[in-house]
**Q** 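Just passing along the structure, written as structure tokens.
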Amino acid sequence: MAIPRGISCCLVAVLISIPGCAAAQSASAGFTPTIRTTTNLVVVDVVATDAQQKPIQHLTASDFTILEDGHPQTIQAFEEHASGSPELLPPVPKLAPGNFTNYSAVPVNGALNILLLDKLNTPMDAQGVVRDQVLKYLKGAPAGTRIAIFALGTQLRLLQGFTSDPAVLRALVEGKKGLPGSSPLMTNSVSGDEPGADDAMMDTASDALGNTPDAATVMANLQQFEAQQQSFQFMLRARYTLDALNQMARYLSSLPGRKNLIWFSGSFPLSVLPDGDLQNPFSVVASAEEEYRETVDLLVRSQVAVYPIDARGLMTAPMLSAANSDSRYVRDPAALGKDEGSFFRQTTAEQSTMKQMAAATGGEAFVNTNDLKAAISKAIEAGSNYYTIAYTPTDQNSNGDYRKIEVKLKREGTKLAYRRGYYADGGTGDGHENQAKNSNTGPAPYSAMHTAMLYGAPDPAEIVFIANVRPSGGDKEPAPAAGNQVAAKTSGPYRRYTVTFITNPKDLNCAETPDGEHHCAVEFLTFVYDADGALVNAQTDGIKANFMPAHYASFLKSPLVYRQQISVPVKGEYHLRVGLHDDNSDRVGALDVPIAAVAELAPIPAAATAAGKGSRAAPK
């Protein structure tokens with residue numbers, strides 16, 4: 001029921017002279033396997049910690065008891081995942097300009113970590129604190145920690161795909177994309193929307209009206225308008241936030257294993273309570289219950305554990321700040337108490353939402369702490385040391401009911417974090433091949449090749465290869481290269497690039513028939529993504545070859561080389577996602593190439609381009 005995940009470095013060792021290939025292969029043999037199955041499994045990741053909040057390791061399946069709606073379940077698959085100190089593989093020597101490889105000096109193992117910088121719901125001053133704390137963490141991040149960075153505004157954006165290189169992550173956070181941004185849906189984008197934090201309009205109106213007979217009515221109407229306006233903004237932020245988390249869950253559902261979503265936010269506008277001080281207290285009530293349920297369900301089915309971190313840190317009531325006008329409180333002394341009460345109710349509701357989402361997905365919420373760096377470290381450590389338990393539910397009725405999951409451990413003084421249940425709507429299993437194919441709410445069916453070619457995804461290395469990317473010429477072209485599949489609304493002029501794949505044929509599974517003939521089938525893909533992660537062009541083709549024994553032996557003696565032509569729009573920022581897929585084994589390899597890294601290289605010689613697809617000649 002488990003397929004080991006490994007890596008081969010022989011091709012890279014041959015082509016770029018990596019020492020110690022045999023040692024690297026031995027290290028890869030100890031990789032933690034990933035559960036994949038075609039049965040109707042429910043997969044539960046469990047984080048077990050002791051009284052000192054340290055991960056408990058070396059437990060076995062017999063130590064756990066799992067119940068669904070109170071009924072014991074039989075554990076059918078069990079895996080332990082521990083971060084530890086990864087045994088590093090031999091480093092890759094610096095490649096010549098234009099050469100890229102998916103071989104990594106860090107074993108591909110363990111959980112994926114996502115840092116979500118929430119600029120929609122976080123005041124700018126808190127965003128600055130988050131930026132500083134993230135940089136402090138990255139300076140000492142454990143080797144091999146794979147992290148991607150997303151940003152949330154009115155849209156979700158991938159800023160940096162998964163990488164274990166902290167220098168790349170630091171450069172992103174220190175750069176323009178990591179700067180704080182102003183939320184268009186916060187009344188005060190600098191300090192936030194807490195009650196009493198921004199009374200400028202009310203103060204101005206009060207000063208203008210003075211003690212006129214109609215002052216009280218006008219002020220009440222203004223207060224009602226202001227509250228309704230803020231409630232509308234809250235509802236929009238809730239919608240954008242839940243839509244983004246849905247999008248995140250669908251993206252991550254394609255990636256095997258556990259994902260830890262570390263969400264930095266200064267507000268969680270998923271619930272707005274009635275305000276008894278208004279003429280119509282319920283006019284500001286907003287509910288997102290159905291969307292919230294759908295989002296949490298999608299997250300847990302995609303093996304995403306949410307670790308919300310309140311970016312505001314340890315808070316005090318903003319109405320007590322000297323930066324705020326006190327004229328309203330002089331005019332109405334009772335307003336101070338009302339605003340304080342409203343602030344604490346709102347903060348409690350927001351932090352309760354954080355804790356509920358964390359508990360439901362198997363994560364942990366961090367609130368009222370100024371040490372965000374420590375919160376990041378704790379979230380990643382907890383999310384990297386866990387046990388994966390899989391079982392087939394005894395109740396096979398897909399009736400849409402909520403099934404409660406309870407995990408028990410035969411040890412005193414322990415704390416367990418895991419997802420608390422799921423909706424039995426036909427997509428109960430989390431083994432990727434088992435997802436409901438026609439569901440509008442569940443993750444898409446797992447596809448190794450689709451996953452490999454996702455923008456920003458980790459670079460799979462089941463098949464190690466080198467890609468040489470060079471301009472095909474210096475001239476702009478009005479039309480794309482032959483065979484390119486250009487997305488609608490994509491226009492030229494274009495510049496053409498030659499992508500040369502170099503791989504070890506011994507890594508391919510060329511099935512042998514009884515008569516001794518070998519059948520090879522390899523798919524080569526090059527996708528073009530814009531800066532927002534939209535697919536703008538693609539080239540997909542491949543080779544199928546049958547070899548008799550003598551010819552097959554000759555085929556294995558030298559690298560397999562294959563070329564493609566891909567056109568990239570001249571204007572804009574683009575990335576190539578380059579991958580290959582062995583049809584017989586469903587094994588894949590893929591890597592990213594920023595066009596900016598190759599655009600200024602000398603064009604590939606015409607003679608090399610003319611050598612055509614399937615040529616044995618490696619680029620010089």
Side-chain angles (χ1 to χ4, degrees), residues 1-2 34-47 61 64-79 242-243 245-261 270 287-306 353 355-363 386-409 416-447 451:
M1 298 181 67
T34 295
I35 291 177
R36 292 187 186 174
T37 178
T38 55
T39 60
N40 189 27
L41 286 184
V42 173
V43 178
V44 183
D45 291 330
V46 182
V47 175
F64 290 89
T65 300
I66 190 163
L67 301 96
E68 182 174 294
D69 285 343
H71 302 291
Q73 306 294 313
T74 300
I75 296 176
Q76 294 185 304
F78 180 87
E79 294 176 1
L242 291 174
D243 285 350
L245 292 178
N246 265 267
Q247 183 182 352
M248 176 82 74
R250 293 177 190 279
Y251 174 81
L252 295 175
S253 71
S254 297
L255 308 179
R258 178 185 176 94
K259 282 77 66 174
N260 303 310
L261 175 56
L270 304 183
S287 174
E289 182 179 349
E290 288 300 317
E291 293 87 346
Y292 178 79
R293 165 189 154 164
E294 177 188 338
T295 299
V296 172
D297 186 38
L298 189 55
L299 287 167
V300 297
R301 288 167 58 186
S302 301
Q303 281 184 271
V304 179
V306 182
T353 302
K355 294 174 182 178
Q356 289 174 7
M357 180 173 285
T361 59
Y386 62 97
Y387 298 88
T388 297
I389 300 174
Y391 69 91
T392 299
T394 54
D395 185 354
Q396 292 287 304
N397 184 15
S398 299
N399 53 12
D401 289 346
Y402 184 77
R403 306 278 181 83
K404 181 181 178 181
I405 296 174
E406 184 179 4
V407 180
K408 297 181 179 180
L409 184 62
L416 302 181
Y418 56 91
R419 64 155 162 160
R420 300 295 170 165
Y422 66 93
Y423 291 93
D425 56 0
T428 60
D430 293 290
H432 295 285
E433 292 85 343
N434 173 48
Q435 298 295 350
K437 292 185 178 181
N438 297 318
S439 170
N440 290 325
T441 60
Y446 176 74
S447 164
T451 298

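No experiment lies behind these values; they were computed from the predicted model shown.
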**Q** Regarding Thr394 and Glu68, do their side chains bring together a donor and an acceptor under 3.5 Å, going by distance alone?
**A**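 Absent: no donor and acceptor within the cut-off.
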**Q** Using modelled atom types and a 3.5 Å cut-off, is there a donor and acceptor pairing between side-chain atoms of Asn260 and backbone atoms of Ala305?
**A**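 No, because the side chain of Asn260 does not come within donor-acceptor range (under 3.5 Å) of the backbone of Ala305.
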**Q** To the nearest 0.5 Å, what is the distance between CG on Leu252 and NZ on Lys259?
**A**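 Rounded to the nearest 0.5 Å, the CG-NZ separation comes to 6.0 Å.
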**Q** Does the gap between the ring centers of Tyr402 and Tyr422 come in under 6.0 Å?
**A**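 No: the rings miss the under 6.0 Å criterion.
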**Q** Quick one, Arg419 and Thr361 - any side-chain contact, counting heavy atoms below 4.5 Å?
**A**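 Arg419 vs Thr361: side chains apart.
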**Q** Checking the side chain of Gln396 only, and the main-chain atoms of Pro393 only, is there a donor and an acceptor separated by less than 3.5 Å?
**A**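 Such a contact is found between Gln396 side chain and Pro393 backbone.
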**Q** Is there a side-chain contact between Glu406 and Ile66 in this structure, where contact means two heavy atoms from C-beta onward sitting under 4.5 Å apart?
**A**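 When only atoms from C-beta onward are counted, Ile66 and Glu406 do not touch, as no gap falls below 4.5 Å.
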**Q** A side-chain contact here means heavy atoms from C-beta on lying under 4.5 Å apart; do Val304 and Met248 qualify?
**A**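 No. Closest side-chain heavy atoms not under 4.5 Å.
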**Q** Would you say Val407 and Thr65 make side-chain contact, with heavy atoms under 4.5 Å?
**A**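 No. Closest side-chain heavy atoms not under 4.5 Å.
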**Q** Less than 6.0 angstrom separating the ring centers of Phe78 and Phe64, yes or no?
**A**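 Judged by ring-centre distance (under 6.0 Å), Phe78 and Phe64 do meet the cut-off.
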**Q** Which atom pair, heavy atoms only, marks the closest approach of Ala360 to Val296?
**A**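 Heavy atoms only, the tightest pair is CB-CG1, 3.7 Å.
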**Q** With heavy-atom distances below 4.5 Å as the criterion, would you say the side chains of Arg258 and Thr388 are in contact?
**A**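 Not in contact.
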**Q** Would you say Tyr391 and Ile405 make side-chain contact, with heavy atoms under 4.5 Å?
**A**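 They are in side-chain contact.
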**Q** Check the pair Gln73, Leu67 against side chain to side chain contact (heavy atoms under 4.5 Å, CB included), reporting the backbone distance first and the verdict last.
**A** CA-CA 6 Å; Gln73 306 294 313; Leu67 301 96; 5.8 Å; no
**Q** If I compare all heavy atoms of Pro256 with all of Thr451, which pair ends up nearest, and what's the gap?
**A**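 Looking at all heavy atoms of both residues, the closest pair is CD-CG2, 4.5 Å.
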**Q** Can you name the closest pair of heavy atoms from Ser302 and Ala249 and give their distance?
**A**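 Minimum heavy-atom contact is OG-O, 3.2 Å.
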**Q** Which heavy atom in Leu41 sits nearest to a heavy atom in Ala390, and how many Å separate them?
**A**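 What the structure gives for the nearest pair is CD1-CB, 3.8 Å.
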**Q** Output the distance between atom CD (Glu294) and atom CG (Asn246), rounded to the nearest 0.5 Å.
**A**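 CG of Asn246 is found 5.0 Å from CD of Glu294.
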**Q** Could you tell me whether the side chain of Val42 reaches within less than 4.5 Å of the side chain of Thr392, counting heavy atoms only?
**A**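 SC-SC contact between Thr392 and Val42 ruled out.
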**Q** Hey, could you give me the CZ/CG distance between Arg301 and Leu299, rounded to the nearest 0.5 Å?
**A**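 Rounded to the nearest 0.5 Å, the CZ-CG separation comes to 11.0 Å.
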**Q** Which atoms form the tightest heavy-atom contact between Arg420 and Ala359, and what is the distance?
**A**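 What the structure gives for the nearest pair is CG-O, 3.5 Å.
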**Q** Could you please spell out the steps behind the side chain to side chain contact (heavy atoms under 4.5 Å, CB included) verdict for Ile389 and Val46?
**A** CA-CA 8 Å; Ile389 300 174; Val46 182; 4.0 Å; yes
